[in-house]
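First the structure, in the form of structure tokens, and then the observations on it.
Just so you know, these numbers come straight off a predicted model, no measurement behind them. So you know, we letter chains A, B, ... as the sequences are listed, proteins then strands, and number each from 1.
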Amino acid sequence: MSANAAVRVRFAPSPTGQLHVGNARTALFNWLFARQTGGTMVLRIEDTDVERSEARFEDQLIADLKWLGLDWDEGPDIGGPYTPYRQSDRLDLYREHAQRLLDEGKAYLCFCTEAELQKEREQALSEQRQAIYSGKCRMIDPGEASRRQAAREAAAIRLRIPEHPIRFHDIVRGPVEFSNEVVSDPIILRSNGMPVYNYVVVIDDALMKITHVIRGDDHLSNTPKQVALYEALGWPVPEFAHLSTILGADRERLSKRHGATSIANFRDMGVLPEALMNYLALLGWAPSGGTREIFSREELIKEFSLERLTPSPAVFDMEKLYWLNRHYIKQRPVADLYQQALSFFVRAGLLSPPGESGQGASVMLPAGFREWFLKVLELRLPAVDRLDQLPERASLIFNYDANAALADPDNAEVLNWPHTDAVISRFTFKILENESARAGQLTPEEFRAIVNHVKAETGTKGKELFHPMRLMITGSHSGPDFDKLIPILEEGSRLQLPRHVLSVFERVQAFAKARTK
RNA sequence: GGCGCUAUCGUCUAGGGGUUAGGACGGAAGAUUCUCAAUCUUCAAACCCGGGUUCGAUUCCCGGUAGCGCUACCA
């Protein structure tokens, strides 16, 4: 590992929107490699596209990366030895090196207008040729070129692509070669003085001493231009690792129309960061042996290797992410999830009417609430893929509508069973006369005694016995164990909650009333 | 159009000149439970096509096809 002692990698996003899972996965692989090798992780902001870049996106990017559990050793927020880490602050550097290339004859001034270039391109395309720059300004005498420039003629700076094939090594794909006839002389500095991405990325990576460029494979075709640039500048070419694309279920490149794709989306859905990290790591990478799927951060750092990256594109599978999320939800102590879970209930208006006490800000909740709510979570957490499903899955606690239960076609069968009426009336009678139940203090033991009583009196058992009672208590013939549910209902009814939780007694009473109507 | 990359169950993948082609998600069936969820067990499910190399190709090579990417004074 000593050969890797000086590993320096970077994640270089554009602040033009939300952090997307594809980019997050690139960031993750860079980070894993850095952490594993004891190398350095650099965060650099690529904001040379002035029109689309926004400062607020940069803040969000940083927040999203941190949420995922990533960190970095150098970056715009913390500085470092190769400052600045924002491209818009490095313009002088880009101009300086462009001038050097010009002086050394490795680049030249191009006076072609956009209209001319456009025409050239169309011509090439119509002849079914590769649309590359003709190189017509290559031959302009440097003296003449500087005269024209001095005369304020608009000029861009182009790199001279060498007359030999460009080869480089990609860790994921092996040796890659491009014929020089296929790569045009790229513009490195626009006529307005602004540098172009393919150029700045090289300047920055080289100046920041990046040793391994790990990025999406949409950059693979740009790499020959960049390699030519390194060579023209006389700088060492880094190792490349081009990551496969992440696709949607329709095998098209993953985008907004595939639903949740940004890190913020997943966070807001109640996907846990460790689940997302684990899932992302498995997209395009597999451990040696290939049978292990669950990895903690530390295990990923230990097991990860660039050599085991897969070159083929991967379809993002939400179901598998949910499987991991379910796994990590069960791993976490419920108390860990308390705050976040609570916010979903508040948002759903279950613990405070929405709009009244704000967006989940300071909800006044009674003493004893926390203990009770943890029981609710304990009960319903195993039933969710993501935390935002919690309120809906817990609605049997917060919502009760006897009329709806009686009208629900799903319940028709149970309601029509021959013994249902007997069970309902015996059960209603026993609950309504029970002192504990009246006080909202019914215990699971007392409840079981009542159940046994009804069982004996009606001669029913199993479904015939339980489904009608379940219906009366929850409005549905299926649901969680009574032993766990009864205490939650009873305790909930005694808490002064913004929305009253009905006790067993209140439910049975409401059901009986609705039924006699 | 040109160039590049890719191709194992529906999906993520392991494997690799001779294997019952392994695992996981999802699916189906069963066990358990009053039911749901959870859990456990079992099952179905794949080497894109065509040539070559070879005693033998899913594996190596070539071609085709398909998907994706790049082809900008975008990043």
Side-chain angles (χ1 to χ4, degrees), chain A residues 12-14 16 46-49 51-53 87 110 112-114 117-118 121 124-133 154-158 170 172-173 176-179 181-184 186-198 200-201 216-225 242 244-245 247 249 251-253 279 282-294 308 310-324 326 330 379-384 393 396 414 451 460-471 474 476-482:
Chain A
S14 304
T16 54
E46 307 215 322
D47 58 351
T48 45
D49 186 348
E51 322 222 311
R52 290 194 296 156
S53 297
Q87 289 183 332
C110 174
C112 296
T113 63
E114 282 203 62
L117 294 171
Q118 179 68 27
R121 211 167 10 246
L125 245 30
S126 74
E127 290 169 19
Q128 310 220 323
R129 280 188 295 113
Q130 167 98 342
I132 61 168
Y133 175 59
I157 301 180
R158 278 188 195 269
D170 187 283
V172 184
R173 291 152 216 281
V176 184
E177 179 179 314
F178 285 80
S179 159
E181 277 149 35
V182 145
V183 352
S184 343
I187 286 184
I188 59 175
L189 216 59
R190 298 184 181 97
S191 51
N192 66 5
M194 284 299 283
V196 168
Y197 167 78
N198 277 314
V200 293
V201 73
D217 74 353
D218 47 332
H219 292 282
L220 191 64
S221 302
N222 288 324
T223 308
K225 291 178 182 176
H242 286 99
S244 61
T245 321
L247 308 174
R251 298 218 138 250
E252 298 225 17
R253 193 171 212 201
Y279 180 69
L282 258 21
L283 267 191
W285 173 82
S288 163
T291 54
R292 205 140 76 92
E293 309 267 349
I294 306 278
R308 295 195 60 82
T310 46
S312 49
V315 173
F316 192 93
D317 181 0
M318 202 63 99
E319 289 304 324
K320 189 149 183 177
L321 170 61
Y322 288 160
W323 167 66
L324 281 164
R326 291 193 295 266
K330 283 171 212 148
L379 186 76
R380 296 279 73 186
L381 241 16
V384 300
R393 299 296 154 84
L396 76 164
V414 177
V451 169
T460 56
K461 59 177 181 174
K463 293 183 186 190
E464 289 191 328
L465 173 64
F466 279 88
H467 283 206
M469 292 189 297
R470 212 166 253 299
L471 203 53
T474 67
S476 166
H477 56 77
S478 69
D481 290 346
F482 281 128

- Item | Contact check, side chains of A:T245 and A:R253, non-hydrogen atoms, under 4.5 Å |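 They are in contact (side-chain heavy atoms under 4.5 Å apart), so the answer is yes.
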- Query: Side chains of A:Y197 and A:P195: does their closest heavy-atom pair fall under 4.5 Å?
  - Reply: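 Contact flag for A:Y197/A:P195 side chains = no.
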Once you round it to whole Å, what is the distance between [atom2] of [N] and [atom1] of [X]?
{"X": "A:K463", "N": "B:U35", "atom1": "NZ", "atom2": "C1'", "answer": "8 Å"}
{"X": "A:H467", "N": "B:U35", "atom1": "NE2", "atom2": "C1'", "answer": "4 Å"}
{"X": "A:R292", "N": "B:C25", "atom1": "CZ", "atom2": "P", "answer": "15 Å"}
{"X": "A:Y197", "N": "B:A72", "atom1": "OH", "atom2": "P", "answer": "16 Å"}
{"X": "A:L321", "N": "B:U13", "atom1": "CG", "atom2": "C1'", "answer": "17 Å"}
{"X": "A:M318", "N": "B:G26", "atom1": "CE", "atom2": "P", "answer": "14 Å"}
{"X": "A:I188", "N": "B:A75", "atom1": "CD1", "atom2": "P", "answer": "13 Å"}
{"X": "A:E293", "N": "B:A14", "atom1": "CD", "atom2": "C1'", "answer": "10 Å"}

- Query: Considering heavy-atom distances to RNA chain B, does A:A314 or A:R470 have its closest nucleotide positioned more toward the 5' end?
  - Reply: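 So the residue in question is A:A314.
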- Starting at the 5' end of RNA chain B and moving along, which residue's nearest nucleotide shows up first, A:I187 or A:V176?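 Between the two, 5'-proximity favours A:V176.
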Just to be sure I understand the rule, does [X] reach a base, reach only the sugar-phosphate, or reach nothing, if contact means heavy atoms closer than 4.0 Å?
{"X": "A:G216", "result": "nothing"}
{"X": "A:T310", "result": "sugar-phosphate"}
{"X": "A:G462", "result": "sugar-phosphate"}
{"X": "A:D47", "result": "nothing"}
{"X": "A:C110", "result": "nothing"}
{"X": "A:S478", "result": "base"}
{"X": "A:S191", "result": "base"}

Counter-base of [N], judged by Watson-Crick or G-U geometry with both distances under 3.5 Å:
{"N": "B:A24", "result": "B:U11"}
{"N": "B:C47", "result": "none"}
{"N": "B:U59", "result": "none"}
{"N": "B:G67", "result": "B:C5"}

- Before giving the answer on side chain to side chain contact (heavy atoms under 4.5 Å, CB included), spell out for A:H242 and A:V176 the whole-Å C-alpha distance, their side-chain angles and the decisive distance to 0.1 Å. CA-CA 11 Å; A:H242 286 99; A:V176 184; over 6 Å; no
- Per the atom types in the model, does the base of B:A24 pair as donor or acceptor with the side chain of A:K320 at under 3.5 Å?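 When only heavy-atom distances are counted, A:K320 does reach the base of B:A24 through a donor-acceptor pair under 3.5 Å.
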- With sequence neighbours left out, write down each residue that passes side chain to side chain donor-acceptor pair (under 3.5 Å) with A:D481, or none if nothing qualifies.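 With neighbours one apart ignored, the set is empty.
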- Taking the six-membered ring for Trp, does A:W323 stack with B:C25 (centroid gap under 5.5 Å, planes within less than 30°)?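 No.
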Kindly give the atom pairs (protein nitrogen or oxygen, nucleotide nitrogen or oxygen) under 3.5 Å for nucleotides 67-71 of chain B.
| unit_1 | atom_1 | unit_2 | atom_2 | d |
| --- | --- | --- | --- | --- |
| B:G69 | N2 | A:S221 | OG | 3.3 |
| B:U71 | O2' | A:A131 | O | 3.4 |

